[in-house]
2 protein chains.
Amino acid sequence: MKKFSCGFEVTKEVIGGKWKGLVLYFLMNGPKRTSELKRIVPNITQKMLIQTLRELEDSGLVSRKMYNQVPPKVEYSSTELGESLKPILQELCQWGSHYAEQVYAEGEFEIAQPEEAS
Amino acid sequence: MKKFSCGFEVTKEVIGGKWKGLVLYFLMNGPKRTSELKRIVPNITQKMLIQTLRELEDSGLVSRKMYNQVPPKVEYSSTELGESLKPILQELCQWGSHYAEQVYAEGEFEIAQPEEAS
DNA sequence: CCGTATCCCATTAGATACTG
DNA sequence: CAGTATCTAATGGGATACGG
């Protein structure tokens, strides 16, 4: 039986780790192909991308659609449950940006602008 | 220079890890002594508690007040910056509780009720 | 009571090579 | 293009003992 101290722990299990929150965040702007994600998520490796997507899928936040064609095409999108995290993810993002501006000195940090999906 | 993909990464740096968010969450209900935190934060060790508090302090979310007396007394409280995370922390907590109820089967999980501070 | 210092283990993630 | 398999490196966190 899983034990948590509060709901916060649960959420952390779902979007914690190095990549899950970020990948989900990118999927909020619409479905993306694997290669596309690989391209727009900064520095993620193939292995971590797939692993991350599997975990998000298992948690029910992301769904995977496979097209049987050559070359292969797979598309990931956020589910309704995933979308329900959107406002929170946005707040976390805003808070962080605001925090960075207040706390870090100029030139001490940089927040990459998300590349637009094609 | 620190590089982030988006503000979300920044926030994760600040309240990520195993304990930071949780400890901050407990401090939102008012200042606490070290021993008190040690008692109410489930399963945290002395080492991790202190380490976590230092990190929160360095991030400016928590302040530390020391009373010069015997026996020693130290009190931690959340700063204004820390308080600004309160609504988000609460949403994360609510989302997680709601998620757990939807996703886990009964008896498969448990969310501990936070013990009241003395 | 509050905090520090080691030591050690488990988990997580990166690199690389390979398959359908 | 999408995904798997292995191996290795790095980090984070737990146990424990000690000091002011």
Mapping B/I50 and B/P71 to their closest nucleotides on DNA chain C, which lands nearer the 5' end?
B/P71
Polar contact flag, side-chain donor to acceptor under 3.5 angstrom, A/S63-A/S77:
yes
Under a 4.0 Å N-O cut-off, is there an ion pair linking B/K65 with B/E75?
no
May I ask you to decide if B/G60's main-chain N or O and B/T79's side chain share a donor-acceptor pair within less than 3.5 Å?
yes
Can a side chain N or O of B/Y76 be found less than 4.0 Å away from OP1 or OP2 on C/dC2?
no
A/N43 atom CG, over 12 foreign heavy atoms within 6.0 Å
no
Closest-nucleotide 5' rank along DNA chain D - winner of B/G16 and A/R54
A/R54
Quick one: does B/K38's side chain have a donor or acceptor within less than 3.5 Å of a partner on B/I44's backbone?
yes
Could you give the OH-to-P distance, from B/Y67 to C/dC2, as a whole number of Å?
12 Å
Quick one: does any side-chain atom of A/Q51 pair with a main-chain N or O of A/M48 as donor and acceptor, under 3.5 Å?
no
Students should find that the nucleotides of DNA chain D closing off the region near chain B, any atom under 4.0 angstrom from a heavy atom, are D/dG13 to D/dG20
Return the value, rounded to whole Å, for the distance between atom NZ of A/K12 and atom P of C/dT12.
11 Å
Measure across B/F8 and A/L89 and return the closest heavy-atom pair with its distance rounded to 0.1 Å.
CE1-CD1, 3.9 Å
Check this one for me: any side-chain N or O of B/R33 less than 4.0 Å away from OP1 or OP2 of C/dG3?
no
Taking B/Y99 for its side chain and B/Q94 for its backbone only, find out whether a donor-acceptor pair lies under 3.5 Å.
no
So which protein nitrogen or oxygen atoms get under 3.5 Å of nucleotides 14-20 of chain C's nitrogens or oxygens?
{"from": "C/dG14", "atom 1": "OP1", "to": "A/K18", "atom 2": "NZ", "distance (Å)": "2.5"}
{"from": "C/dG14", "atom 1": "OP2", "to": "A/W19", "atom 2": "NE1", "distance (Å)": "3.2"}
{"from": "C/dG14", "atom 1": "N7", "to": "A/K47", "atom 2": "NZ", "distance (Å)": "3.3"}
{"from": "C/dG14", "atom 1": "O6", "to": "A/K47", "atom 2": "NZ", "distance (Å)": "2.3"}

How close or far is atom C1' of C/dC1 from atom CG of B/L49, stated in whole angstroms?
13 Å
